[in-house]
Amino acid sequence: MKIVIAEKPSVARELAKVFGANQKKAGYIEGKGYSFTWAFGHLLQLAPPQDYGFYGWKQQNLPMLPQKFKLAIRKIKTKDGMVEDPAVRKQLDVIKMLFDECTEIIVATDAGREGELIFRYIYYYLKCKKPFKRLWISSQTDEAIKGGFRNLKPGTDYDTLFNSAHCRSESDWLVGMNATQALSISAGNKSVLSLGRVQTPTLAMICSRYLESKNFVPEIYFQVAIQLSKEGQLFRAISTVNFKSKEAAQAILDQVLDLANGHSLGGHIKSVEAKAKKEPPPLLHDLSSLQQEANRKKGYTADQTLGILQNLYESKLVSYPRTGSRFIGDDVFATVPDLIAKFTNHPQFGKQATFLTTQKLNKRSVNAKKVTDHHAVLPTGENAGYLSEDKQAVYDMVVGRMLEAFHKECLKETTKIIITSGTDFVANGTVIQSAGWRSVFNDDDDEKKDEDNATLPKVIKDENLDITNKAILEKQTKPKPLYTEATLLKALETCGKDIEDEELRYAMKESGLGTPATRASIIETLIKREYIGREKKNLVPSKKGLAVYDVVKDKKIAQAELTGQWEKRLEEIRSGASVKDFKAEIADYTKTITQELLAAGTSLYNVLKEV
DNA sequence: GCAAGGTC
């Protein structure tokens with residue numbers, strides 16, 4: 001008997017199906033000489049400080065540097081405090097029973113660092129000695145699964161991957177647990193002041209943006225606007241330069257040759273420039289982009305969207321939600337035409353789905369190399385039936401995006417007209433010539449272009465037009481907006497760096513803060529600690545959050561770059577570098593940050609009393 | 001009472 005262990009039940013079921021195994025038992029599926037079982041993500045975690053004798057939160061315990069880390073069954077919160085999760089305990093018993101009676105283990109956890117760690121923690125916790133092989137596939141189609149089983153890798157091929165995962169896990173514990181206790185203790189031990197490699201840089205981003213905005217001094221400036229008429233069709237143009245004073249703007253306004261002051265044909269067309277623009281469809285959704293859209297359009301929090309999607313996934317309506325990929329492989333793409341055909345009767349999208357069934361599909365979102373553990377979020381095509389309002393909304397975002405992604409480019413024509421009347425004025429216009437993918441939701445660029453004319457009349461160079469109106473516009477410079485959950489999620493992907501280019505952003509994914517599966521919970525943690533709060537859609541730091549930020553802002557633990565530095569070292573470990581050096585550096589850093597925080601937190605003491 | 005990571 002061989003046992004196959006997957007990261008989650010859905011994958012185990014899929015594998016069993018391909019093998020034709022169908023005897024359902026408690027916690028596994030049996031058949032054809034195999035047993036298919038599963039974890040539920042991490043069943044085991046690094047044991048808490050008290051398991052090493054560090055009782056209470058005391059300065060003399062710090063820094064806590066366990067000689068050898070222990071593993072403990074994942075805990076859940078109950079009214080009696082933290083207790084072992086009974087479902088986890090039960091599943092571990094099943095896995096132990098299967099490990100004991102099997103001849104070989106096939107590791108089918110997700111093909112990545114954490115997937116490896118999930119299995120190894122179970123294997124070592126159960127003190128298992130059975131041989132194991134690794135299934136390494138990045139797509140769940142029958143073909144990919146069969147191919148993967150024909151091509152199982154020796155388990156030891158992934159020892160270095162485990163090493164890097166293990167280092168990540170222990171390092172986060174060392175830095176996070178010690179820094180948290182150190183700051184909490186030195187600030188008077190009144191409340192939990194948590195710190196960590198991911199949450200603290202995230203807090204820093206929110207605080208620094210808030211302070212930047214609060215301290216922003218707006219500058220007033222003036223523009224001159226004119227309205228022109230071409231055979232009765234009116235359009236607006238704005239001065240090409242801004243003016244610091246109202247007087248300067250007034251002087252320019254006075255020079256405008258408008259009708260009211262007896263000038264006809266006072267606007268001279270200096271140039272007309274028309275450009276065709278192609279806008280490719282957006283990529284398919286990954287979890288983060290979906291959370292951003294749901295926050296923007298419906299105001300859902302990242303956590304709510306994740307919950308809704310998980311629900312849709314469990315109802316088998318959408319594919320795996322915690323994905324970081326916005327692409328699908330060619331094998332999945334082959335199933336897309338049938339999938340689209342399932343939505344031809346959809347009340348909102350039916351027309352576009354029907355149209356697409358007759359078209360060659362856009363392949364922008366098809367790239368097997370960019371599919372990591374999981375592909376982009378797609379509907380499964382199962383009949384949805386009645387859904388609650390929020391589920392329907394998120395489901396429609398998934399379906400709608402699928403139709404957009406495989407749709408035609410949107411073709412636009414942008415026009416720029418320069419008009420002279422005393423000074424130069426510019427009028428911009430954009431006309432959609434072929435909506436393409438934009439016809440799915442029928443909404444144009446949300447916020448953009450309040451100064452754009454939707455359409456401009458046809459004018460030619462050196463033509464003269466009447467100026468029917470003129471005015472001075474008073475404007476102010478604006479600070480960068482506060483973070484919303486949508487903009488924060490986007491910023492976390494690139495460590496707070498503003499990168500608009502979609503392809504470039506993608507290349508930076510590896511060095512982002514947190515992972516798709518954890519970002520919602522990072523935001524929730526900061527809220528639970530009362531570091532930040534929600535004000536409408538904005539994430540706003542509290543006094544407490546700002547006080548913590550003030551203590552840590554110049555330290556490494558508050559820098560997003562820390563994750564980048566770790567990732568570089570972890571990748572070296574994965575390709576065979578020694579773990580000893582990295583562990584020593586982490587231990588050193590743990591000692592340093594603990595000392596620093598034990599000294600620094602006293603400044604928080606008084607602030608927290610006021611809070 | 002703590003991290004970050006996974007998932008029901």
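In the text below, chain A, chain B and the rest are named by the order of the sequence lines, each starting its count at 1.
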Practice task
Would you classify Lys528(A) as touching base, sugar-phosphate or nothing, given that sugar-phosphate means primed atoms plus P, OP1 and OP2, and contacts are heavy atoms under 4.0 Å?
Solution key: sugar-phosphate

Problem - Residue pairs fulfilling salt bridge (charged side-chain N to carboxylate O under 4.0 Å, His left out) with at least one residue in residues 169-191 of chain A, sequence neighbours excluded - result: Arg168(A)-Asp172(A), Glu170(A)-Lys583(A), Asp172(A)-Arg197(A)

Exercise for the section: For Arg519(A) and dT7(B), give me the distance from atom CZ to atom P, rounded to whole Å. Expected result: 14 Å

Practice task
Could you check whether Gln45(A) gets within reach of a base, just the sugar-phosphate, or nothing at all, counting any heavy atom under 4.0 Å?
Solution key: base

Exercise for the section: Just call it for Val198(A): base, sugar-phosphate, or nothing, with non-hydrogen atoms closer than 4.0 Å on any strand. Expected result: sugar-phosphate

Problem - Nucleotide dA3(B), atom P - distance to CH2 of Trp566(A) in whole Å - result: 13 Å

Exercise for the section: Measure from CD1 on Ile523(A) to P on dA4(B) and round the result to the nearest Å. Expected result: 13 Å

Practice task
May I ask you to say what Gln181(A) touches in the nucleic acid, namely base, sugar-phosphate or nothing, with a heavy-atom cut-off under 4.0 Å?
Solution key: base

Completion exercise
Walking DNA chain B from its 5' end, the first of Lys58(A) and Tyr313(A) to be reached, judged by nearest nucleotide, is Lys58(A)

Problem - Separation of atom CG in Asp172(A) from atom P in dA3(B), rounded to whole Å - result: 11 Å

Exercise for the section: Verify whether the ring centers belonging to Tyr123(A) and Phe119(A) lie closer than 6.0 Å. Expected result: yes

Exercise for the section: Output yes when Glu530(A) and Lys544(A) qualify as a salt bridge under the 4.0 Å nitrogen-oxygen rule, no when they do not. Expected result: yes

Problem - Euclidean distance, Asn61(A) CG relative to Thr594(A) OG1, rounded to 0.5 Å - result: 11.5 Å

Exercise for the section: Assess whether one donor atom and one acceptor atom, taken from the side chain of Asn189(A) and the base of dG1(B), lie less than 3.5 Å apart. Expected result: yes

Exercise for the section: Report yes if a side-chain nitrogen or oxygen of Ser194(A) is closer than 4.0 Å to either non-bridging phosphate oxygen (OP1 or OP2) of dA3(B); otherwise report no. Expected result: yes

Handout entry: Distance under 6.0 Å and angle within 45° of ring axis: Arg209(A) vs Tyr483(A)
Key = yes

Exercise for the section: Name the nucleic acid region contacted by Leu46(A), choosing base, sugar-phosphate or nothing; use a 4.0 angstrom heavy-atom cut-off, strictly under. Expected result: base

Practice task
Round to a whole Å and report the spacing from CZ of Phe162(A) to C1' of dG5(B).
Solution key: 14 Å

Handout entry: Shortest side-chain distance from His374(A), nucleotide among dT7(B), dC8(B), dA4(B)
Key = dT7(B)

Exercise for the section: Remember a base hit wins even if backbone is also touched, and classify Asp110(A) as base, sugar-phosphate or nothing at under 4.0 Å, heavy atoms. Expected result: sugar-phosphate

Exercise for the section: Quick one: label Thr518(A) by what it contacts on the DNA or RNA (base, sugar-phosphate, nothing), any heavy atom closer than 4.0 Å. Expected result: base

Exercise for the section: Would you classify Pro9(A) as touching base, sugar-phosphate or nothing, given that sugar-phosphate means primed atoms plus P, OP1 and OP2, and contacts are heavy atoms under 4.0 Å? Expected result: sugar-phosphate

Fill in the blank from the handout: In whole angstroms, the gap separating P of dC8(B) from CG of Leu92(A) amounts to 15 Å

Exercise for the section: Return no unless some side-chain N or O of Gln199(A) is found under 4.0 Å from OP1 or OP2 of dA3(B). Expected result: yes

Completion exercise
Atom NE2 of His166(A) and atom P of dG5(B) are separated, to the nearest Å, by 16 Å

Practice task
Side chain of Arg197(A) only, please: which of dC2(B), dT7(B), dA4(B) is the nearest?
Solution key: dA4(B)

Problem - Among dG1(B), dC8(B), dT7(B), the one nearest Trp57(A) by side-chain distance - result: dG1(B)

Practice task
Look at Arg322(A) and dT7(B) and indicate whether a side-chain polar atom (N or O) is within less than 4.0 Å of OP1 or OP2.
Solution key: yes

Fill in the blank from the handout: When Phe54(A) and Ser521(A) are each assigned the nearest nucleotide of DNA chain B, the 5'-most assignment goes to Phe54(A)

Which pairs of donor and acceptor atoms, one on a side chain in residues 390-398 of chain A, lie under 3.5 Å apart (sequence neighbours left out)?
{"residue": "Asp390(A)", "atom": "OD1", "partner": "Ser388(A)", "partner atom": "OG", "Å": "2.8"}
{"residue": "Lys391(A)", "atom": "NZ", "partner": "Asn311(A)", "partner atom": "OD1", "Å": "3.4"}
{"residue": "Gln392(A)", "atom": "NE2", "partner": "Asp396(A)", "partner atom": "OD1", "Å": "3.2"}
{"residue": "Asp396(A)", "atom": "OD1", "partner": "His346(A)", "partner atom": "NE2", "Å": "3.2"}

Handout entry: Whether His166(A) and Phe162(A) hold their rings parallel, tilted or perpendicular, with breakpoints at 30° and 60°
Key = parallel

Practice task
Could you check whether Trp173(A) and the base of dA3(B) form a stacked pair, meaning centres closer than 5.5 Å and planes differing by less than 30°?
Solution key: no

Practice task
Remember a base hit wins even if backbone is also touched, and classify Glu116(A) as base, sugar-phosphate or nothing at under 4.0 Å, heavy atoms.
Solution key: nothing

Handout entry: Phosphate-side-chain proximity, Arg529(A) and dC2(B), N/O vs OP1/OP2 below 4.0 Å
Key = yes

Handout entry: Integer-rounded Å distance: dT7(B) P and Tyr320(A) OH
Key = 3 Å

